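When a ligand or atom number is given, it counts from 1 through the structure's own listing order. Note that this is a predicted model, so its numbers are computed, not measured.
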Amino acid sequence: MLVLLFILFLYIRISFSLESLAVNQTIRDGQTLVSPNGTFELGFFNPPGNSRGRYLGMWYRNLLPLTVVWVANREKPVQNNSGILKLDENGVLVVLNGANGSVWSSNMSNKVVNNSITAQLLDTGNFVLRIGKDNVLWQSFDYPCDTLLPGMKLGWNLVTGLNRFVTSWKTADDPAMGEYSVKIDKRGFPQLVIRKGSVNKFRIGSWNGLGFTGYPIQQLKQKQRFKFVFNEKEIYHQYEGIDRSVVSFYLVTTSGNLQVLAWTSKESSRIAIYTGGEDSCDNYAMCGANSICNMDGNIPKCECLKGFVPKFPEQWNMSYWSSGCVQRFNSVCGDDNLGGFLAYKEMKLPDTSLSWYNKTMNLVECQKSCLKNCSCTAYSNLDIRNGGSGCVLWFGDLVDMRKFSQWGQEFYIRVPSSVLDEFEPAAVNGHQNKKKIGIIVGAISFGLVICVCLVILRKRVAARVYNIVPFQWQQEYFKVIKEDMDLPIVDLSIIVKATDNFSSGNKLGEGGFGPVYKGTLTDGKEVAIKRNSKMSDQGLDEFKNEVFMIAKLQHRNLVKLLGCCIEGEEKTLIYEYMPNRSLDYFIFDETRSKVLGWSQRSYIIAGIARGLLYLHHDSRLRIIHRDLKTSNILLDAHMNPKISDFGLARIFGVDQIEAKTKRMVGTYGYMPPEYAVHGHYSIKSDVFSFGVLVLEIISGKKNKGFSDPEHSLNLLGHAWRLWTENRPLELLDRHLLETCNSSEVFRCIHVGLLCVQQKPADRPDMSSVILMLNGEKLLPQPKMPGFYTGRGLPEAISSNQMSVTTFVAR
Ligand SMILES: *[C@@H]1O[C@H](CO)[C@@H](O)[C@H](O)[C@H]1NC(C)=O
Ligand SMILES: *[C@@H]1O[C@H](CO)[C@@H](O)[C@H](O)[C@H]1NC(C)=O
Ligand SMILES: *[C@@H]1O[C@H](CO)[C@@H](O)[C@H](O)[C@H]1NC(C)=O
Ligand SMILES: *[C@@H]1O[C@H](CO)[C@@H](O)[C@H](O)[C@H]1NC(C)=O
Ligand SMILES: *[C@@H]1O[C@H](CO)[C@@H](O)[C@H](O)[C@H]1NC(C)=O
Ligand SMILES: *[C@@H]1O[C@H](CO)[C@@H](O)[C@H](O)[C@H]1NC(C)=O
Ligand SMILES: *[C@@H]1O[C@H](CO)[C@@H](O)[C@H](O)[C@H]1NC(C)=O
Ligand SMILES: *[C@@H]1O[C@H](CO)[C@@H](O)[C@H](O)[C@H]1NC(C)=O
Ligand SMILES: *[C@@H]1O[C@H](CO)[C@@H](O)[C@H](O)[C@H]1NC(C)=O
């Protein structure tokens, strides 16, 4: 009866959602507003990892992991579950804490007191306060957080002075305003910039009719339609999705990168389909003034504009480029010498914040007006559609240019006649004939030859590097590339530098065979470095085993190996860095376990299952992990689970069913009886460990070390007893009671128990497990689990159990 009431209570709680709010109506923590077609949901939430309190936010209702697109009270969380969103009698939305104190409000300049005001969550993800349909008083689209949704305007309303911009979260778990913002800089010719505080980090650039000059959106053309509006009333950027089967949006990350994220289906985890601001040439003014950044071949290189020389040649030779370049000759322009122009193609135009523009001039007029003014240094078209139109002029230093290979636009720099003669002897220029205006388009033949040579050279280098190496490592990290290993070999000095000589401050933890460090490479990329200490008993074989095995595995639920280093005694593996550590860090900790709600736990279970299915059936090799446990399940920034630690894994022939070993390895608590006792292992050994994992994730208790006071049972025994007594839900971690879906929990426990059955043959394989978890397959009744230590224990296993403890690996 009680259980029924409880389920009823849960049902009411979960399904209590409103369509809109009228004056004096509220929603409390636990209730939500849902958009008419169910795409978005608005309510109180708590970001994973955040213990500051509850936030009012909006998220995609049907996508996992929880993806928050807007937060109201970013700076001031509500301390407990008594937060309220209210549309008050003045027609203002307020978020109140338990003591009726306001932590956020939709302050409006024109307060209209009208009882027919309603607050509604629209299918676009806009939360609007309006009278009737058209009279919008306030909308969340005017106050973006870190996400630009399709249809949002990024930029200025010049009439009201409203500037809509996107700001990053402070950290992955703190929605407070972070350092980075994406804004439209309306000085000069408007351009889109990412700033850190008030300093430019990445200039996405000005709009040229097709796209932003610093942002190769060609690759996104199939997915999104871009728009830029620039008139007397408004300057803004907007986009819409084209492909309805793909959900995608922009995000500025906590490290200041622009990401376009997408889901192709409900089950798939989200992927970044474009990341801007990530390579070195994206760094604002990385090459200093009057110099072009070139990223061909994956290493950045700066080159002075023609007619310019490095300001400090010694520094320049050592790749310190930020001091930039200066004119080779002092006088560019005088009465007798107006100079001429050299063209550059496929360029990201220089910073336009100090530029001048005219939207109607053509290129000839544009060049004329540049020649007229001696401080004009370059010109270009504003719009490159239909042969080009408009004019932008630059004065003084040209900053933040970049050469693309298939993107960007043409622009013309001003050089003295002597330089013109040098680069384009045949050109007509201001020196030879002041009345005639010199214009040189295209690169000169000498330049062309050099270019062709460079391209050929680079192609050769590229063929050596890219075909083999799947990861985008900077060239300096390569030493040798072994053709059969598919993996970059990294120089020890780089690892020493990245980890600050393996300093204890960088230590993340102690893995099975040695410490794991966090490392930061010179380009800022974070990695995890596993050092196989000289003292360890992991032989070179096991090391090679891991390298060989994991280098060949590619799955989003397996941790990615980026490289390795073998120098003398030093054997290190370099992995992608997992900011959220491992599963045990969360589920076995009293406070942190609250972070993982039921939906996240079931998402994690499903992820582990998919990773394991890949190992067992889908990869080119059949692999048995043999050491699956919570500390080997790592979590990335989005709480995606990734299986790690393949040191003990074994490759099976596809037809091979079972193997036997004398040397017992693995972790007590996760080993199935046939392995612990007889040394037999098969894919069903991993299934057993998976079952233990599932029960641990549901209960928040460790199998090893758990003992219920009344019956002195281990976790498996405890789960089995609750199951046989028909009250399995009591296994659930009590934090989860509020967020769980009891039928899902029930199904997970059932699957968990099927996986830990004593006989390997009774346990399902991973493909069945996935069908079962999805509710697409009928579940048989589970039999008694392995290592059940309750009453009625068969004698044979009980006596063997004693010997198991001697196999405790670690
Ligand atoms: C809202 O509440 C205020 C104060 O309780 C009351 O004066 C006002 O009439 C209410 N408005 C509506 C539409 O119920
Ligand atoms: C907050 O205000 C509501 C309505 O105005 C009232 O019912 C409630 O008692 C107040 N709560 C506190 C803690 O003052
Ligand atoms: C929630 O916190 C407020 C203070 O922010 C406090 O006044 C209120 O009593 C708390 N409510 C509960 C249920 O703890
Ligand atoms: C809204 O509130 C913010 C701070 O809470 C303030 O900076 C801003 O000026 C207010 N806007 C209006 C229109 O009152
Ligand atoms: C509120 O707005 C509606 C629609 O604009 C209008 O018909 C109504 O008269 C207004 N009521 C008040 C009290 O201003
Ligand atoms: C809901 O509406 C939005 C906006 O009109 C649309 O993009 C989306 O495809 C709709 N979703 C569903 C499930 O109908
Ligand atoms: C810089 O390097 C170039 C060629 O690599 C050399 O010709 C030049 O002398 C060097 N300049 C200085 C100042 O070291
Ligand atoms: C832009 O150029 C056109 C043609 O040269 C001229 O008529 C117009 O006045 C210019 N506009 C501005 C704002 O300078
Ligand atoms: C040249 O352009 C600069 C910058 O717009 C301006 O300050 C200066 O007055 C102009 N000089 C002439 C001669 O037009």
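The cationic atom of K359 (NZ for Lys, CZ for Arg) does not lie both less than 6.0 Å from the six-membered ring centre of F189 and within 45° of the ring axis. Under a cutoff of 6.0 Å and an axis angle of 45°, K201 and Y284 do not form a cation-pi pair.
Residues L93 and A119 approach most closely at CD2-CB, 4.0 Å, considering heavy atoms.
Note on ligand 9: W356 sits outside its first shell, no heavy atom being nearer than 4.0 Å.
Among all non-hydrogen protein atoms, the one lying nearest atom 12 (C) of ligand 1 is N24 ND2, 3.3 Å. At the top of the distance list for atom 9 (O) of ligand 9, counting protein heavy atoms only, stands N373 ND2, 4.7 Å.
The aromatic ring centres of F341 and F411 sit 6.0 Å or more apart.
In this structure, cysteines C293 and C287 have SG atoms that are not closer than 2.5 angstrom.
Distances from atom 7 (O) of ligand 3 to the protein include at least one heavy-atom value under 4.0 Å. There is a protein heavy atom less than 4.0 angstrom from atom 2 (O) of ligand 1.
An N or O contact shorter than 3.5 Å links N80 to ligand 3 by distance.
Distances from atom 5 (O) of ligand 3 to the heavy atoms of V78, N97, V103, N100 put N97 nearest.
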